[in-house]
There are 2 protein chains.
Amino acid sequence: MTTPATDWLRLDQQICFSLHAASRAFNGVYRVILKDLGLTYPQYLVMLVLWEHGDLPVKALGEHLRLDSGTLSPLLKRLEAAGLVRRERSTRDERSVEVRLTDEGTALREHALQVPRRIAAATGCDVDEIRDLRTRLDQLTSMLDAAAQSEAAGDAGRQ
Amino acid sequence: MTTPATDWLRLDQQICFSLHAASRAFNGVYRVILKDLGLTYPQYLVMLVLWEHGDLPVKALGEHLRLDSGTLSPLLKRLEAAGLVRRERSTRDERSVEVRLTDEGTALREHALQVPRRIAAATGCDVDEIRDLRTRLDQLTSMLDAAAQSEAAGDAGRQ
DNA sequence: CGCGATTTAGTTGTGCACAACTGAATTGTG
DNA sequence: CACAATTCAGTTGTGCACAACTAAATCGCG
């Protein structure tokens, strides 16, 4: 082993930090572009899911976005206050709350169509490059999710 | 143009969302592993910078991490409350605050040496793969930062 | 049927990110 | 020297992420 543990602390910083920085940089570009629509980045993600899949209960929304009710409940209240969605308790299962697009929420989609083009321009990457990066990130995410599971649960056999 | 704007909304979701998800997944793994050290992930990043560069003013710390005082001030207070750093107003320039590692903060480094190995194991990627990903992410970040600048400033010529 | 376990949203509390602002110290320019 | 502009840390307010919890509705087993 030629690299002392000391060097690993520096390498480590670069990997996690690059991802952290890239995520925040993306967030910053979206912030600027979405300001016109009156949406934050996570709110935009919620709207994308609703535009694609139609009305959904909070649970299903959370599964698409990997977010729990602790994050979604206040976020959805803000979207409701903005007049983009309604939240209605399901009559079939009163535990569940259906998130429905209002006419205004549906109409916002037209204005959102320009967003991807502007984001793509900001990245300066071609489509294939982006697609490849996305694939790698998704692989990484599923590895990390699995690892978090085993770290959280059976630490015992960790060596 | 064979892809209608409608499809771009879906593709767009995949790119930004993958990065968002990967960042949060990394955060989750760090959360579990850093719990032993009593650090959050951003606090760990601050400690890495201090371990590598020694005592620094808040400003310089912020430049390394791309964080402003609004984020760092409360974070550093928590690190100080945990006994890992001290904050001392510079005598040469009283606007500036020097962040200094305490003995305890310096000693924590020994316990942190195991972190990178456990993270690397969690990613399941080899070093070259990680390095390549890091390079791509850094390129993406600098593109995005530059784009955020021009979006924020002279929108006029945006087409 | 009855009752414990599970599911579903929501709430609370902590911490981070960032915009906008304050106030004090310093710098630069006339 | 004086004073406007800048720099630096901190504060305030908003929003997201997540852990831990509550409360209500539903499910399922005996």
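Chain letters run A, B, ... following the sequence lines, proteins first and then strands; every chain starts at 1.
By the 4.0 Å N-to-carboxylate-O rule, B:Lys59 lies too far from B:Asp68 to be salt-bridged with it.
For B:Tyr41 and C:dA17, the OH to P distance is 9 Å, given to the nearest whole Å. Nucleotide C:dT27 holds its C1' atom 15 Å from the CZ atom of B:Arg92, rounded to whole Å. Between B:Leu34 atom CG and D:dC18 atom C1' the separation is 15 Å, expressed in whole Å. Spacing between atom CG of A:Asp68 and atom P of C:dT7 amounts to 16 Å, rounded to whole angstrom units. What separates CG of B:Leu65 from C1' of C:dC18 is a distance of 15 Å, to the nearest Å. Rounded to a whole Å, the CG atom of A:Leu67 is 7 Å from the P atom of D:dC18. For B:Tyr30 and D:dC18, the OH to C1' distance is 19 Å, given to the nearest whole Å. Between the C1' atom of D:dA20 and the CZ atom of B:Arg31 lies a distance of 13 Å, rounded to the nearest Å.
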Item to complete: Verify side chain to side chain contact (heavy atoms under 4.5 Å, CB included) between A:Leu50 and A:Leu61, making sure each step is shown before the conclusion.
Response: CA-CA 8 Å; A:Leu50 291 175; A:Leu61 208 46; 4.0 Å; yes
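Residues in residues 62-92 of chain B take part in these ring-ring contact (aromatic ring centres under 6.0 Å, His included) pairs, two or more places apart or across chains: B:His53-B:His64.
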Under-3.5 Å N/O pairs linking protein and nucleotides 1-3 of chain D:
none

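Qualifying side chain to side chain donor-acceptor pair (under 3.5 Å) partners for A:Arg87, counting only residues two or more places apart in sequence or in other chains: A:Glu80. Listed by chain and number, the residues in a side-chain contact (heavy atoms from CB on, under 4.5 Å) with B:Ala60 are B:Leu56, B:Pro57 (sequence neighbours excluded).
In the set D:dT26, D:dC18, C:dT26, the nucleotide with an atom closest to the side chain of B:Glu94 is C:dT26.
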What donor-acceptor contacts under 3.5 angstrom involve side-chain atoms of residues 24-31 of chain A, with partners at least two apart or in another chain?
residue: A:Arg24; atom: NH2; partner: B:Leu65; partner atom: O; Å: 3.4
residue: A:Arg24; atom: NH2; partner: B:Arg66; partner atom: O; Å: 2.4
residue: A:Tyr30; atom: OH; partner: B:Asp12; partner atom: OD1; Å: 2.8

Item to complete: Any chance you could list the contact pattern along nucleotides 9-15 of chain C? Use B for base contacts, S for sugar-phosphate-only contacts and - for none, protein heavy atoms under 4.0 Å, 5' to 3'.
Response: BBB---S
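In terms of heavy atoms, B:Tyr44 sits closest to B:Leu39 at CA-CD1, 4.1 Å. Across all their heavy atoms, B:Tyr41 and A:His20 have their closest contact at CE2-ND1, 3.4 Å. Counting all heavy atoms, side chain and backbone alike, A:Leu19 lies closest to A:Leu137 at CD1-CD2, 3.9 Å.
If you find the closest nucleotide of DNA chain D to A:Arg66 and to A:Asp93, the one lying nearer the 5' end belongs to A:Arg66.
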